[in-house]
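Chain A is the first sequence line, chain B the second, and so forth, proteins listed ahead of strands; every chain is numbered from 1.
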Protein chains: 2
Amino acid sequence: MQDRITIKDVAERAGVSYQTVSKVLNHQAKVKPQTEARIRKAAEDLGYQPDQAASSLRSRRSRMIGYSGSPWPANQANPILDQFLQGMLHAAERAGYYLLCFPHHTGERQVEPYRQLIESRRVDGFVVSGVEYDDPRLQFLLDKGFPFVAFGRSNVGMRFSFVDVDGKAGMRKVVEHLVARGRRHIAALSWPDNSRVGQDRMAGYREAMQSAGIDINPDWIARGEGSVTFGHQVMQGWLALPSERRPEAVAAFNDGMAVGAMQAIQENRLAVGVDLAVTGFDDLPMTQYLTPPLTTVRLPVAEIGERVIKMLVNSLENNSAEVQHELVEPELVVRQSSTGEKASGD
Amino acid sequence: MQDRITIKDVAERAGVSYQTVSKVLNHQAKVKPQTEARIRKAAEDLGYQPDQAASSLRSRRSRMIGYSGSPWPANQANPILDQFLQGMLHAAERAGYYLLCFPHHTGERQVEPYRQLIESRRVDGFVVSGVEYDDPRLQFLLDKGFPFVAFGRSNVGMRFSFVDVDGKAGMRKVVEHLVARGRRHIAALSWPDNSRVGQDRMAGYREAMQSAGIDINPDWIARGEGSVTFGHQVMQGWLALPSERRPEAVAAFNDGMAVGAMQAIQENRLAVGVDLAVTGFDDLPMTQYLTPPLTTVRLPVAEIGERVIKMLVNSLENNSAEVQHELVEPELVVRQSSTGEKASGD
DNA sequence: TAAGCTCTAGCGAACGTTCGCCTTACTTAA
DNA sequence: TTAAGTAAGGCGAACGTTCGCTAGAGCTTA
């Protein structure tokens, strides 16, 4: 650790005042091209790296974006989030920002970290993920007028920028696929009513059923907390019904419930994909290796991460308060759990 | 966004000089208890949050820890890392630090982000994960004399602090379990020779085999890149052997290869857990829902994350250059893939 | 009674930038 | 010729802390 190279060293070497160096390196101020070249060369030669603390202090910008870890239920470790993070990291790097990660808390104190980060001037903006209805974090940030972009939508009335998966479109694809394979009695393993994501996916289910001219049987809609156990229990219930009241396909709103349903079916000595079709949602890494492999919906999570960052950085740099929305359409991944076909090799 | 509350506002309210406020809030300087109480109350009343940039500029400490995203192969999204991150985040928060996350790059430029973060004074130390032999990041940080703690070991000669999973102990447990279930012809789906993690686990395999008095058949040791495909291929080869030269158990060094092996076995109409036992390593989230559920080794990754941060923070605060090592013993999770027993309900 | 010590707290300076205004030299128009 | 305009870069100040030293008050000791 030798003496730090400061902007003054660069200035001296380039034969200009140090403030001019600052101008060139930031504002793109007006200087002669030669001078600029001289300064850039000097900076390069010396390996100059601006001291971020000094820069932040004066400019009031930290070039940091706050992001709280997964607010998802802790028990179901979400591999999806890793991809989201990767997407954000790369986009942030390209834009010259870093991510500041902090843990998520539940309950009343969940906005506390946000307040601290804002007031200590550590971040320029936030990425808020795992958004739900009446999210206190969103309300807090809106009240403060602090920049952020959300991964996910919330109440219709709240005006803020977001990127989200088009769950409706995804679910529509699922149902259309099942219908195309000749299934009409399609049950839904859904999410609680108060779940924004659940409602979105449910809307796709309803739309597609309606388009196909199929009546929805309320008995075939179960709402639960998305666990394997829940999927298993509900499926057992359906299998206990007399055969004419039993569904011939189950569209689960996440992969966990689909796995539970598959287990229940197999315990009843029925063949998944043949006797009953099962589909999931999210495309967790292992689902392609289940027996049979699970038909599911793949979310382009890394891409969403990139878009979220781009949107946020854009609004930070332009100081624009305009809100933007992006919906990304997910992709149906057809595997044997819905078709009953034999695996075709690898 | 109103006027910022600075240390001077606090000082005025408490009737002392602002430098004294700083002393009280940081160094725990010697002041009369009453004065201290008055200052703390004033800070509280005003909701004072120190400006981190100013603090960093003067004190040369950012209270940030750098951590690069997953260096794991991008194709196999690693759900484990999410837990690691969560563990770190919570420990860091308790210690008053935040994590600065940045993307991992491969090749020659992989140390570049480290250099930048150091020189721009953004971080006080690093957590380096996914460590392997001859890791250029470790060498760079050692050369610079910059504080870091690694998740994982590297070359024997390098002196640095780390926390690691005791893969040897984990693998020993696996083999002992298989032997206890009456298996003796135990094959290993291992990792490349140049993998530090692979060597560690392999040592456990060898030790346990030796302790059990079983000769190791070199034909039953395969080394590959850890993919499902690799496990599948190798297993097919073993199954093609005449029955007396065929292993009766397969210990895979990660869950992916175990899944591949299971598939190959099932394609040959053999029963996993009965005809051949299969075990994995890592306990990925979905493995408990495979058919049959996979016996594997669970790594306490969140705990490791916490320990890594504690160790790093400790060395930062005490300015201690002493190196520390911690090995965490993983836990064997016995499921049906190695026992062939029926599922006992849920 | 003077010297010395301890306990409190104050004060000037510095950390390394960026901001905004100012100066100088040169060009152009009237 | 002169006023005005423009390009190029200099300069003082400020951002909000923490560091290290100093000063005064009160107490002890020889």
Side-chain angles (χ1 to χ4, degrees), chain A residues 1-40 42-43 46-64 96 118-122 124 317 319, chain B residues 1-40 42-43 46-64 96 118-122 124 317 319:
Chain A
M1 309 266 204
Q2 16 183 351
D3 271 8
R4 157 156 274 271
I5 294 151
T6 76
I7 202 172
K8 298 192 182 179
D9 298 319
V10 177
E12 191 177 2
R13 186 172 234 263
V16 293
S17 76
Y18 67 93
Q19 293 95 332
T20 303
V21 175
S22 170
K23 276 182 191 154
V24 167
L25 265 36
N26 302 318
H27 320 281
Q28 332 286 22
K30 349 177 163 188
V31 291
K32 273 195 278 195
Q34 319 174 358
T35 315
E36 167 153 1
R38 227 168 52 239
I39 292 176
R40 292 204 182 280
L46 295 174
Y48 169 66
Q49 275 290 337
D51 181 310
Q52 188 53 43
S55 169
S56 298
L57 175 58
R58 185 62 237 236
S59 70
R60 354 215 71 176
R61 324 191 71 234
S62 62
R63 299 195 79 80
M64 288 259 159
I118 293 172
E119 296 187 352
S120 63
R121 290 221 171 96
R122 279 204 198 249
D124 295 341
E317 314 248 292
N319 244 322
Chain B
M1 310 264 202
Q2 17 183 346
D3 271 7
R4 156 155 274 270
I5 294 151
T6 76
I7 203 173
K8 299 193 181 178
D9 299 319
V10 177
E12 191 178 1
R13 187 172 235 263
V16 292
S17 74
Y18 66 94
Q19 294 94 333
T20 302
V21 175
S22 170
K23 277 183 190 152
V24 167
L25 266 35
N26 301 319
H27 321 280
Q28 329 288 21
K30 349 178 164 187
V31 293
K32 274 196 274 195
Q34 324 175 350
T35 315
E36 166 153 0
R38 226 169 51 241
I39 292 175
R40 292 204 183 280
L46 295 174
Y48 169 67
Q49 275 291 336
D51 181 311
Q52 188 54 43
S55 170
S56 298
L57 175 57
R58 185 63 236 238
S59 69
R60 355 215 71 178
R61 324 190 71 233
S62 62
R63 300 195 79 80
M64 287 259 158
I118 292 172
E119 296 187 351
S120 63
R121 289 221 172 97
R122 279 204 197 249
D124 295 341
E317 315 247 291
N319 244 325

- Message: If you go through the side-chain atoms of A:Q19, does one of them form a donor-acceptor pair with the base of D:dG9 closer than 3.5 Å?
- Response: no
- Whether each nucleotide of nucleotides 23-28 of chain C has a protein heavy atom under 4.0 Å at its base (B), only at its sugar-phosphate (S) or at neither (-) is summarised, 5' to 3', as ------
- Item | Side-chain N,O (A:Y48) to OP1/OP2 (C:dT17) below 4.0 Å | yes
- Indicate yes or no: at least one non-hydrogen side-chain atom of B:Y48 is less than 4.5 angstrom from one of B:L25. yes
- Query: Below 4.0 angstrom, N of the basic side chain to O of the carboxylate: do A:E12 and A:K8 qualify?
  - Reply: no
- Query: To the nearest Å, how far apart are B:I39 CD1 and D:dT18 P?
  - Reply: 13 Å
- Quick one: label B:T35 by what it contacts on the DNA or RNA (base, sugar-phosphate, nothing), any heavy atom closer than 4.0 Å. sugar-phosphate
- For C:dG10, take OP1 and OP2 only and decide whether either is under 4.0 Å from a side-chain N or O of B:T20. yes
- Task: Check for a donor-acceptor pair, side chain of B:D9 on one end and backbone N or O of B:T6 on the other, with a separation under 3.5 Å.
- Result: yes
- Are side-chain heavy atoms of B:L46 and B:R13 found at a separation under 4.5 Å? yes
- Message: Taking atom types as they are modelled, would you say the side chain of A:R58 forms a donor-acceptor pair with the base of C:dT17 within the 3.5 Å cutoff?
- Response: no
- Let me know, please, whether B:R60 or B:E36 comes out on the 5' side of the other along DNA chain C by nearest nucleotide. B:E36
- Specify the separation, in whole Å, of atom NZ of B:K30 and atom P of C:dT6. 9 Å
- Taking only the side-chain heavy atoms of B:Y18 (C-beta and beyond), determine which of C:dA13, D:dG10, C:dT17 contains the nearest atom. C:dA13
- Separation of C:dG16 atom P from A:E12 atom CD, nearest Å, is 15 Å
- Query: Rounded to the nearest Å, what distance is computed from the CD1 atom of residue A:I5 to the P atom of nucleotide C:dC15?
  - Reply: 16 Å
- Message: What is the separation between atom CZ on A:R122 and atom C1' on D:dC15, rounded to the nearest whole Å?
- Response: 17 Å
- Of all heavy-atom pairs linking B:V24 and B:V31, the shortest is CG2-CG2, 3.8 Å
- Query: Hey, which of these two, B:P33 or A:S22, hits DNA chain C nearer its 5' end, going by closest nucleotide?
  - Reply: B:P33
- Query: Are OP1 or OP2 of C:dG10 and a side-chain N or O of B:S17 less than 4.0 angstrom apart?
  - Reply: yes
- Query: Taking atom P of D:dT22 as reference, at what distance in whole Å does atom NZ of B:K23 sit?
  - Reply: 13 Å
- Message: Please tell me whether B:Q52 and A:R122 have a donor and an acceptor in their side chains that are separated by less than 3.5 angstrom.
- Response: yes
- Heavy-atom donor-acceptor pair, A:S55 side chain to A:D51 backbone, under 3.5 Å: no
- May I have the distance from B:R121 (atom CZ) to C:dC15 (atom P), rounded to whole angstrom? 10 Å
- Specify the separation, in whole Å, of atom CG of A:L57 and atom P of C:dC19. 12 Å
